[in-house]
Colleague: 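One structure follows; several queries about it will come next.
Each ligand, and each atom within it, is numbered from 1 in the order the structure gives.
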Amino acid sequence: MKELTISVIKADIGGYVGHSASHPALIQRAQEALQGAKDRGTLVDFHVSYCGDDLNLIMTHRLGTDNAEIHQLAWDTFEACTEVARSLHLYGAGQDLLSDAFSGNVRGMGPGVAEMTFVERPSEPVVIFMADKTAAGAWNMPLYRMFVDPFNTAGLVISPSLHDGFNIEVYDVKSAKAIVFNCPAEVYDLLALIGATARYVVKAVYTKKGEIAAVSSTERLSLIAGKYVGKDDPVCIVRSQNQFPAIGEILEPFTMPHVVEGCMRGSFFAPLMPVPLRFAQTSRFDGPPRVVALGFQIADGHLVGPRDLFDDPGFDQARQQCNALMDHLRRHGPFEPHRLPMDEMEYTTLPQVLEKLQGRWVDMK
Ligand code: F6R
Ligand code: MG
Ligand code: MG
C-alpha cells in the first residue's frame with residue numbers, strides 16, 4: 001500500500017496592503033513553481049492558498065515528511081515569491097525567510113510546517129485550517145474539543161469507531177520537549193498543560209491504533225528569531241469521518257470564538273473569527289485574527305476541492321460574537337487583559353521601548 005504525504009508549508013513573504021492580505025501575483029508565482037514540480041513528478045498535486053498576508057502551499061507527494069526535496073521546493077517557491085514581493089514593494093517582503101543558508105529542512109528557518117503521512121482510505125476527507133494574526137497555541141482548544149470533548153464530538157460517545165478516544169501529543173515549545181497523553185484517561189493532565197497556550201502546543205493527534213488524525217505547525221517565530229518578526233499564523237491538517245470526527249464535529253469548536261494571542265503587533269488577546277476565504281484578511285487593528293477551513297477529498301493523492309467550509313451562515317453568530325467581543329476588548333486599549341501579560345510582551349517590540357527607562361529607576365521608599 002502506497003503511503004501519501006500531505007505537506008502544508010506556509011510563510012509571510014510580503015503583505016498587500018501593509019500586513020493585511022496576499023497579493024494575487026504571489027499566489028500566481030507560487031502556482032507556477034508548484035506546477036513545475038508536479039510536471040517533474042515531485043508532487044502528486046498541490047493547491048496554493050492564503051490567509052491574510054500568509055502564503056500557504058498545500059502539497060501531496062510520496063516522499064514522506066521532512067523530505068529535503070519537498071522542503072527545498074517550498075523554500076525556493078517562497079524565495080521566488082519574495083522576488084515578486086520586492087518588485088511590487090509589498091510590505092515585509094521575505095519577512096519569514098529568517099536565514100540565507102537553507103539546509104534541507106525549513107523547520108527552524110521561519111516558515112510554519114504541518115505534515116502527515118498515511119495510507120489513503122477509499123474516501124479520504126481532509127480539512128486544512130489556516131490562521132492569520134495569531135500564534136501556534138490557537139489550535140489547542142479546538143483540537144481538544146474535536147478529539148477529546150464529548151460535548152463537541154458526539155461520536156466519542158455514540159460511535160464505536162471513535163469511542164476508544166485518541167492520543168494527544170503536546171510540545172513544550174520553550175524547552176523543546178514532547179509528551180503524549182492517552183485520552184480520555186489523562187484528560188486532566190492534558191488540560192493542565194494545554195491551557196497554557198503560549199508554552200504548550202498540541203502537535204499531533206493519533207488514534208489508539210497509531211493512525212495520524214491531525215497535525216499542526218508549532219513553530220514559534222519569536223523563539224526562532226529571538227525577537228518579534230510577526231506572528232506564527234499557524235496551520236493544521238485534520239482527517240475526517242469514520243474513525244475520525246465528522247466534518248461538522250471538526251468545525252463545531254469554531255462556533256465559540258475563543259480568545260487567542262496575536263492581533264496588532266502580535267501583542268494582544270482577541271477572538272479568533274472563522275471566515276470564508278473572501279474575508280480572510282484583517283483590515284481592522286490587524287484583527288480579529290482569522291481562521292479559514294479548506295475541505296478536500298483526496299483521490300489517489302489528488303486534491304479534490306477545496307470547499308470553503310466556513311462559508312456557511314451557521315458561523316454568522318460566531319462572527320457577530322467575535323465583533324462584539326473585539327469591541328469590548330479594544331476599549332481596554334493598552335491595558336491587560338487585552339494586551340498580553342508582561343512575560344509574553346518580552347517577545348514583542350515593547351522591550352525596545354522599555355530600554356530607554358533603564359537608567360531612571362530608583363529604589364522604592
Ligand atoms: C502581526 C503583524 C502586524 C504588525 C503591525 C506593525 O503578525 O505582523 O500586526 O506587527 O502591522 O507592523 P510594522 O511594525 O511593520 O509597521
Ligand atoms: Mg506580515
Ligand atoms: Mg500573517
Colleague: Around atom 11 (O) of ligand 1, find the nearest protein heavy atom and jot down its residue, atom name and distance.
Modeller: Asp286 OD2, 2.7 Å
Colleague: Judged by atom type as modelled, is there a donor-acceptor pair below 3.5 Å linking the side chain of Glu219 to the main-chain atoms of Val113?
Modeller: yes
Colleague: Which of the numbered atoms in ligand 1 are below 4.0 angstrom from a heavy atom of Met264?
Modeller: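 Taking each heavy atom of Met264 in turn, ligand 1 has 9 (O) under 4.0 Å.
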Colleague: Would you kindly say whether Arg307 and Gln297 are connected by a side-chain donor-acceptor distance under 3.5 Å?
Modeller: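 No, no side-chain donor-acceptor pair sits under 3.5 Å.
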Colleague: What protein heavy atom sits nearest atom 6 (C) of ligand 1, and how far away is it?
Modeller: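 Answer, as residue, atom name and distance: Arg265 NH1, 3.4 Å.
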Colleague: Salt bridge check: are Lys231 and Asp96 linked by an N-O gap of less than 4.0 Å?
Modeller: no
Colleague: Please find the N/O/S atom of His19 nearest to the Mg ion (ligand 2) and write down its name.
Modeller: ND1
Colleague: Looking at the Mg ion (ligand 2), which N/O/S atom of Asp12 is the nearest one?
Modeller: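 Considering only N, O and S atoms, Asp12 comes nearest to the Mg ion (ligand 2) through OD2.
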Colleague: Are Phe147 and Phe244 close enough that their ring centers fall under 6.0 Å?
Modeller: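 So the answer is no for these two rings.
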Colleague: What's the shortest heavy-atom distance between Ala85 and Gly14, and which atoms?
Modeller: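 So the minimum-distance heavy-atom pair works out to CB-CA, 4.4 Å.
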Colleague: Out of the N/O/S atoms in Asp233, what is the name of the one closest to the Mg ion (ligand 3)?
Modeller: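 Nearest to the Mg ion (ligand 3) within Asp233's N, O and S set: OD2.
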Colleague: What are the atoms of ligand 1, with element, lying closer than 4.0 Å to any heavy atom of Lys133?
Modeller: 1 (C)
Colleague: Less than 4.0 angstrom from a charged side-chain N to a carboxylate O is my criterion; do Asp66 and Arg107 meet it?
Modeller: yes
Colleague: Just to confirm my output: which protein heavy-atom neighbour is closest to atom 7 (O) of ligand 1, and how far is it?
Modeller: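 Ranking protein heavy atoms by distance from atom 7 (O) of ligand 1, first comes Lys231 N, 3.1 Å.
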Colleague: Mind reading off the angle at the Mg ion (ligand 3) between the OD1 atom of Asp54 and the OD1 atom of Asp53, rounded to 10°?
Modeller: 90°
Colleague: Can you find a non-hydrogen atom of Gly15 under 4.0 Å from ligand 1?
Modeller: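 Checking ligand 1 against Gly15, which is what was asked, there is no heavy-atom contact under 4.0 Å.
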Colleague: Is it true that Arg145 and Glu249 have a side-chain N and a carboxylate O under 4.0 angstrom from each other?
Modeller: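 Looking at Arg145 and Glu249, the cut-off is not met.
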Colleague: Which protein heavy atom lies closest to atom 16 (O) of ligand 1, and at what distance to 0.1 Å?
Modeller: Tyr91 OH, 3.3 Å
Colleague: Would you say the Mg ion (ligand 3) has Asp132 as a near neighbour, meaning an N/O/S atom of that residue under 2.8 Å away?
Modeller: yes
Colleague: When you measure from the side chain of Gln317 to the backbone of Gly314, do you find a donor-acceptor pair of N or O atoms at a distance under 3.5 Å?
Modeller: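 Looks like no, no N/O pair under 3.5 Å.
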Colleague: Heavy-atom pairs closer than 4.0 Å: do any link ligand 1 to the side chain of His19, the backbone, both, or neither?
Modeller: side chain
Colleague: For a quick test of reading the model, state the closest non-hydrogen atom pair linking Asp232 to Ala136 and the distance between them.
Modeller: OD2-N, 3.1 Å
Colleague: Side chains of Glu252 and Asn152 only: does a donor on one sit below 3.5 Å from an acceptor on the other?
Modeller: no
Colleague: Show the atoms of ligand 1 that are less than 4.0 angstrom away from any heavy atom in Cys263.
Modeller: 1 (C), 9 (O)
Colleague: Could you tell me the residue and atom name of the protein heavy atom closest to atom 10 (O) of ligand 1, and the distance to it rounded to 0.1 Å?
Modeller: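 For atom 10 (O) of ligand 1, the nearest protein heavy atom comes out as Tyr228 OH, 2.7 Å.
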